[in-house]
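In what follows, every heavy atom counts, from backbone to side chain, and hydrogens, waters and symmetry copies are set aside. All ligand and atom numbering here is 1-based and tracks the order in the structure.
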Amino acid sequence: MADAPITFDGRVAIVTGAGGGLGREYALELARRGARVVVNDLGGAVDGSGGSARAADAVVAEIASGGGEAVASYDSVADPDSGAAMVETAIDRFGSVDIVINNAGILRDRSFPNQTVDDVDAVLDVHLRGAFNVSRPAFTAMKERGYGRFVFASSNSGLLGNFGQTNYGAAKMGLVGLSNVLAIEGAKYGIRSNVIAPVARTRMTEELLGPLAEYVHPAQVMPMVVYLASEACELTHEIFSAGAGRYARFFVGLTPGWFAGARRQPSVEELAEHIADIRATEGFSIYSGAGEELQRLGTLLAGADDGTVSE
Ligand code: NAI
């Protein structure tokens with residue numbers, strides 16, 4: 001029996017950076033499946049310079065020619081008012097905002113000593129502040145309606161690190177923190193928030209992928225993102241890798257660690273002696289939030305000897 005089709009009838013999506021690359025794939029597929037889409041794109045260069053209405057307009061036209069509905073937004077997500085404008089457009093034109101895919105991005109790669117203040121600001125402004133700018137007004141609108149889906153575009157450059165990308169890596173890891181907290185704050189309003197770490201050949205990566213390039217089409221990332229954006233997906237607070245046809249989960253895990261005892265302060269030497277236990281990954285835990293870690297610490301202490309703090 002075929003799986004139930006995943007549709008977006010009656011849903012409204014904002015996709016940032018949807019004028020090309022991955023964002024375009026997301027916007028086209030959401031529209032094909034019935035969503036009405038705000039196609040946001042500044043239409044600039046990979047480093048964030050310049051701008052043009054062409055990129056967003058072309059995707060809106062492509063959606064319209066396939067019988068879908070979309071509207072263009074040319075705002076820079078780095079503009080603090082851009083999100084409010086996009087949400088207003090979504091509500092005025094289509095009645096609501098149900099989905100936000102924070103995908104807009106630029107690169108200013110340079111080794112750490114060579115990163116200028118401007119390189120850092122430009123990248124943080126687009127990726128991290130941009131996601132705040134767009135998500136905050138959308139979250140407010142979603143909360144009122146009791147439904148929402150957020151997808152944040154992170155990167156293995158942040159999750160794992162990559163030479164020359166301190167600005168980009170920091171921004172991309174910042175998005176994980178933003179999504180984790182949105183998942184927690186949005187839980188009781190039917191709002192889910194997840195992160196994607198894509199690998200795809202786009203103008204951003206065409207010179208970086210080497211022999212992988214021919215195997216990593218942006219369309220292969222799309223199903224993961226469209227699933228996360230759907231009502232069928234109740235997952236939240238998670239991170240997924242998608243690329244080259246391989247879909248997998250990234251996670252932040254905590255090792256069981258070494259417990260020195262309640263009210264006990266071990267010496268530095270004692271700690272050093274246990275460093276292998278502290279690092280051992282067997283039996284790790286994945287927590288749903290900071291509260292769960294504190295709860296587990298409480299449980300550990302409740303079962304422990306009540307010693308005294310050594311001076
Ligand atoms: P891309 O360069 O093709 O697409 C990015 C889009 O964002 C462009 O159309 C650009 O005009 C738009 N944009 C840039 N600044 C903007 C702003 N201030 N406001 C609105 N739109 C803006 O690159 P790609 O590869 O499609 O990237 C999409 C996202 O995925 C980015 O966030 C990128 O960092 C992330 N990513 C991509 C990977 C890949 O392998 N392609 C790997 C890891 C992350």
Side-chain angles (χ1 to χ4, degrees), residues 14-28 38-60 72-83 85-86 89 100-109 121-135 151-162 165 167-176 178-179 195-210 212-222 224-225 239-244 246 250:
I14 294 173
V15 184
T16 70
L22 288 160
R24 173 177 163 275
E25 298 287 342
Y26 308 152
L28 290 176
V38 178
V39 174
N40 162 261
D41 206 294
L42 170 77
V46 174
D47 69 358
S49 60
S52 143
R54 249 174 304 163
D57 283 346
V59 174
V60 169
S73 141
Y74 316 112
D75 291 324
S76 167
V77 296
D79 174 350
D81 299 325
S82 61
M86 281 180 230
T89 301
V100 171
I101 301 181
N102 285 288
N103 167 79
I106 62 167
L107 285 183
R108 295 278 184 97
D109 293 359
D121 284 349
V123 166
L124 290 178
D125 281 352
V126 173
H127 293 272
L128 189 54
R129 290 200 186 85
F132 272 92
N133 295 337
V134 178
S135 303
V151 184
F152 291 87
S154 183
S155 168
N156 52 16
S157 298
L159 289 154
L160 303 174
N162 199 28
Q165 296 196 304
N167 52 357
Y168 183 80
K172 289 307 204 189
M173 210 49 188
L175 292 171
V176 174
L178 171 53
S179 176
V195 172
I196 179 88
V199 181
R201 184 183 67 249
T202 65
R203 65 175 197 170
M204 191 184 268
T205 54
E206 57 196 353
E207 282 158 28
L208 310 171
L209 291 165
L212 264 188
E214 66 173 299
Y215 297 101
V216 286
H217 195 280
Q220 294 169 298
V221 175
M222 177 280 291
M224 189 80 233
V225 171
I239 310 166
F240 295 93
S241 164
R246 197 279 315 271
F250 271 113

Rounded distance [0.5 Å steps], CD in Q165 versus CG in N167: 7.5 Å
Pocket residues of ligand 1, ordered first by chain and then by residue number (heavy-atom cut-off under 4.0 Å): G17, G20, G21, L22, N40, D41, L42, G43, G44, D75, S76, V77, N103, A104, G105, I106, V126, H127, A153, S154, S155, Y168, K172, P198, V199, A200, T202, R203, M204, T205
Close side-chain approach of N102 to S135, heavy-atom, < 4.5 Å: yes
Interatomic spacing from CD1 in I101 to CG in L22 - rounded to 0.5 Å: 10.5 Å
N156 CG to I239 CD1 distance, which is reported to the nearest 0.5 Å: 12.0 Å
Side-chain donor-acceptor pairs of residues 196-204 under 3.5 Å, sequence neighbours excluded:
residue : atom : partner : partner atom : Å
R201    : NH1  : A213    : O            : 2.5
T202    : OG1  : M204    : N            : 3.1
R203    : NH1  : G44     : O            : 3.0
R203    : NH2  : G44     : O            : 3.1

From CG (N103) to CZ (F152), nearest 0.5 Å: 12.0 Å
